[in-house]
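First the structure, in the form of structure tokens, and then the observations on it.
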Amino acid sequence: MLLVNTIRDNFETVLEGLQKRNFTHAEATLHQVLELDKTRKETQTERDNLQAESNNISKEIGALMREGKKEEAEKIKSRTVEIKSQIKILEDNYNNVEEDLKQILYTIPNVPHISVPAGKSAEDNEIVLEHGSIPDLPESKLPHWDLIKKYDIIDFDLGVKIAGAGFPVYKGRGARLQRGLINFFLDEAMKAGYTEIQPPILVNEDSGYGTGQLPDKEGQMYEATADKLFLIPTAEVPITNLYRDVILNEQDFPIKNVAYTPCFRREAGSWGAHVRGLNRLHQFDKVEIVQVVHPDNSYEVLEDMNMYVQSLLQKLELPYRVLRLCGGDMGFTSSLTYDMEVYSAAQERWLEVSSVSNFENYQSNRLKLRYKGEDKKTILAHTLNGSALALPRIVASILENNQTEHGIKMPKVLVPYLGFDMI
RNA sequence: AGAGAGGUGUCCGAGUGGUUGAAGGAGCACGCCUGGAAAGCGUGUAUACCCGUGAGGGUGUCGAGGGUUCGAAUCCCUUCCUCUCUGCCA
């Protein structure tokens with residue numbers, strides 16, 4: 001969440017940013033935050049002063065008791081009665097104000113970076129670049145949901161039988177393609193200096209709050225209610241939460257983690273061709289990169305991560321484009337997001353396979369993820385993450401783009417991981 | 001899942017109602033000593049929030065939340081976690 005200080009010191013900038021996101025009632029909400037914060041401070045001062053008075057009386061009583069002057073002690077006791085009831089009132093006020101303030105702050109999204117274009121929906125996203133050429137396939141080309149049946153590599157019906165819609169069963173070369181891609185992505189990340197992590201894929205409530213899935217979006221996560229645990233929608237949740245309540249040293253930067261996990265999403269979403277086949281699933285595999293960095297260079301790091309994800313797509317020989325998301329399409333917690341989309345030549349659509357974001361200190365404020373600066377002050381770190389990459393749509397694109405009469409050609413770079421070059 | 005033990009500062013560890021934010025030790029930082037280092041000696045060493053231009057002061061924090069009390073690390077209740085033994089199990 002945003003810092004109250006940021007709102008106060010950069011009111012206009014924050015306001016303009018929120019308006020770029022189409023955050024309604026931005027100005028009124030920001031004023032409300034400042035007003036509540038002012039009340040909070042005043043209440044605290046008043047409460048603390050009374051508490052101090054009460055503490056002093058207690059000390060006096062303690063001193064008198066030690067000297068055996070019981071009667072005098074009894075006399076001043078009566079003075080505390082009124083103070084105590086006042087403190088109780090102020091204490092309640094304080095808690096209420098603080099809670100109200102927190103609730104409002106939870107509803108305010110991150111302030112977009114200056115370079116984020118205004119806009120309402122995906123149509124207003126800015127295309128930064130396109131790379132690779134779109135394959136020219138014959139009319140007989142098949143979408144991946146037909147290809148997977150033809151070659152018997154992914155079975156949705158079996159998934160329905162044992163779990164439900166959106167839980168595919170990968171078989172034979174389909175399963176090996178999954179495993180090969182995961183290993184390829186992890187190896188590449190390792191070469192790029194990321195440390196591999198295997199986190200739990202169920203997380204507790206605190207973790208959900210830390211990265212912003214809670215409150216609000218609990219409907220998107222599967223929940224193991226008996227144990228109050230949530231199945232992760234992305235590895236971002238466990239990995240970023242590794243650093244919850246952590247104070248780092250400046251020398252620890254940059255922290256670069258990579259994790260492969262299955263991801264679980266309930267999202268009801270829309271129906272029809274756009275969610276057919278592998279386009280949208282309840283369970284899918286993803287390799288995620290997360291960095292925790294010094295605030296001064298988080299945007300350089302974002303560009304690095306952007307280039308890194310592109311390098312993966314290039315190695316897989318997939319045509320892709322990079323979008324800079326507009327204010328209206330950007331995630332709640334992000335300051336700047338690049339989406340990478342691959343072209344899927346039979347669906348004739350661009351499919352999002354990665355989203356790389358800088359959250360600046362929006363997440364770390366909730367997480368209390370800080371570092372000690374030179375003057376020993378604790379300062380919030382910046383967090384970033386990106387998919388590198390999400391598997392299903394990559395698979396869809398590989399299958400569709402590389403289909404031939406004789407089978408589906410695998411990208412060269414994967415062959416050592418697969419042990420075959422055609423499906 | 002059952003029985004027991006326990007959660008205190010960076011770490012170890014004392015503390016069962018009254019200058020305890022917390023003894024003692026270790027570690028760390030600085031200074032003295034030394035040719036240099038070790039040892040030794042001295043000083044300092046939590047955090048959040050609030051008040052104050054500043055020096056400085058206040059409040060809260062001994063797993064978390066509540067309660068008793070003029071006063072709680074210390075007593076009571078609830079809850080979370082860890083460890084040991086037993087059971088179960090990949």
Side-chain angles (χ1 to χ4, degrees), chain A residues 1-9 33-105 198-210 214-215 223-230 238 241-252 261-262 361 363-381:
Chain A
M1 59 186 157
L2 293 180
L3 290 154
V4 175
N5 284 345
T6 308
I7 295 173
R8 189 172 34 243
D9 298 343
V33 167
L34 295 185
E35 201 52 42
L36 279 170
D37 189 55
K38 194 170 158 234
T39 310
R40 181 186 67 83
K41 285 181 182 178
E42 287 166 358
T43 313
Q44 184 181 342
T45 302
E46 215 179 324
R47 181 199 66 186
D48 284 358
N49 287 342
L50 276 179
Q51 190 60 253
E53 199 180 331
S54 169
N55 287 348
N56 282 334
I57 293 172
S58 292
K59 274 182 196 162
E60 272 181 60
I61 293 174
L64 290 172
M65 296 292 269
R66 246 174 289 118
E67 292 165 29
K69 297 176 181 169
K70 266 197 168 174
E71 281 167 33
E72 284 182 52
E74 284 301 325
K75 272 185 212 163
I76 35 180
K77 263 193 201 180
S78 58
R79 275 166 56 197
T80 63
V81 177
E82 195 190 343
I83 293 178
K84 274 188 74 176
S85 69
Q86 282 182 44
I87 289 175
K88 177 81 180 126
I89 292 167
L90 287 168
E91 182 72 31
D92 289 346
N93 285 351
Y94 182 85
N95 289 338
N96 290 338
V97 170
E98 199 182 33
E99 182 60 27
D100 290 349
L101 182 59
K102 207 172 75 184
Q103 288 307 322
I104 292 179
L105 286 172
Q198 280 197 23
I201 58 177
L202 279 91
V203 295
N204 58 25
E205 240 179 332
D206 284 349
S207 299
Y209 278 97
L214 299 174
E223 188 177 357
T225 48
D227 299 286
K228 278 195 188 148
L229 294 172
F230 297 87
N241 271 286
L242 296 177
Y243 302 96
R244 170 154 47 84
D245 282 320
V246 165
I247 298 179
L248 298 161
N249 294 311
E250 251 175 302
Q251 308 89 271
D252 297 331
T261 66
N361 63 19
Q363 282 187 332
S364 46
N365 187 29
R366 271 201 200 180
L367 291 163
K368 293 205 176 68
L369 163 51
R370 295 160 298 176
Y371 70 95
K372 270 217 193 299
E374 277 177 25
D375 52 357
K376 284 197 163 182
K377 285 235 159 145
T378 53
I379 303 167
L380 293 169

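Reminder, nothing fancy here: chain letters follow the sequence lines and each chain counts from 1.
- Rounded to an integer number of Å, the gap from CG of A/Asn204 to C1' of B/G63 is 15 Å.
- Nucleic acid contact for A/Ile61: base, since at least one base atom lies under 4.0 Å from a heavy atom of the residue.
- Screening residues 80-93 of chain A for salt bridge (Lys or Arg N to Asp or Glu O under 4.0 Å) gives A/Arg47-A/Glu91, A/Lys88-A/Asp92 as the qualifying pairs, with residues at least two apart or on separate chains.
- Only the P atoms considered, B/G9 is 14 Å distant from B/A73, to the nearest whole Å.
- Atoms CD (A/Glu46) and P (B/G60) sit 16 Å apart, rounded to a whole Å.
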Quick one: which protein N/O atoms are closer than 3.5 Å to N/O atoms of nucleotides 64-68 of chain B? Pair and distance per line, please.
none

For every nucleotide of nucleotides 44-59 of chain B, 5' to 3': is a protein heavy atom under 4.0 Å from its base (B), only from its sugar-phosphate (S), or from neither (-)?
-> ---SSBSS------BS
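- Of the P atoms belonging to B/U8 and B/G57, the separation is 30 Å, rounded to the nearest Å.
- Taking atom C1' in both B/A39 and B/C32, one finds a spacing of 14 Å when rounded to whole Å.
- In this structure, the side chains of A/Ile76 and A/Leu64 come closer than 4.5 Å at one or more pairs of heavy atoms.
- The CG-C1' distance, from A/Asn249 to B/A29, rounds to 14 Å in whole Å.
- B/A14 and B/G4 are spaced 23 Å apart, taking the P atom of each and rounding to whole Å.
- In this entry the distance linking CD of A/Glu91 with C1' of B/G60 reads 9 Å, nearest Å.
- Summarising the geometry, atom CG belonging to A/Leu248 is positioned 5.5 Å from atom CG belonging to A/Leu369; distances are rounded to the nearest 0.5 Å.
- A heavy-atom distance below 4.5 Å is not found between the side chains of A/Val33 and A/Leu2.
- Taking atom P on both nucleotides, B/G27 is separated from B/C80 by 39 Å, rounded to a whole Å.
- Rounded to the nearest 0.5 Å, atoms CG (A/Leu34) and CG (A/Leu101) are 9.5 Å apart.
- Straight-line distance between the C1' atoms of B/U19 and B/A72: roughly 15 Å, to the nearest whole Å.
- Rounded to whole angstrom, the span from the CG atom of A/Leu248 across to the P atom of B/U10 amounts to 15 Å.
- The backbone N or O of A/Glu35 sits less than 3.5 Å from a side-chain atom of A/Thr39, completing a donor-acceptor pair.
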Can you give each donor-acceptor pair under 3.5 Å made by side-chain atoms of residues 201-208 of chain A, sequence neighbours left out, with the distance rounded to 0.1 Å?
unit_1: A/Asn204; atom_1: OD1; unit_2: A/Asp206; atom_2: N; d: 3.4
unit_1: A/Asn204; atom_1: OD1; unit_2: A/Ser207; atom_2: N; d: 3.0
unit_1: A/Asn204; atom_1: OD1; unit_2: A/Ser207; atom_2: OG; d: 2.9
unit_1: A/Ser207; atom_1: OG; unit_2: A/Arg244; atom_2: NH2; d: 3.0

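- Distance check, rounded to the nearest 0.5 Å: CG of A/Leu50 to OG1 of A/Thr45 gives 11.5 Å.
- Proximity of a side-chain donor or acceptor of A/Thr43 to a complementary backbone N or O of A/Tyr94 within less than 3.5 Å is not detected.
- Spacing between B/U78 and B/C30 at atom C1', rounded to whole Å, works out to 47 Å.
- For A/Ile76 and B/G71, the CD1 to C1' distance is 12 Å, given to the nearest whole Å.
- Checking A/Lys77 against A/Gly62, the closest nucleotide of RNA chain B that is more toward the 5' end is the one next to A/Gly62.
- Comparing the C1' positions of B/G36 and B/U20 gives a spacing of 43 Å, expressed to the nearest Å.
- Nucleic acid contact class of A/Thr80 (heavy atoms, under 4.0 Å, all strands): sugar-phosphate only.
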Enumerate, atom names and distances included, each donor-acceptor pair closer than 3.5 Å involving a side-chain atom of residues 51-58 of chain A, sequence neighbours excluded.
unit_1: A/Asn56; atom_1: ND2; unit_2: A/Ala52; atom_2: O; d: 3.4
unit_1: A/Ser58; atom_1: OG; unit_2: A/Ser54; atom_2: O; d: 3.3

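- In this structure, CG in A/Leu36 is found 12.5 Å from NZ in A/Lys41, a value given to the nearest 0.5 Å.
- Helical stems of RNA chain B (runs of at least 3 Watson-Crick or G-U pairs, donor-acceptor distances under 3.5 Å) are listed by first residue: B:1-7 with B:80-86, B:10-12 with B:24-26, B:27-32 with B:40-45, B:46-51 with B:56-61, B:63-67 with B:75-79.
- A heavy-atom distance below 4.5 Å is not found between the side chains of A/Val4 and A/Arg40.
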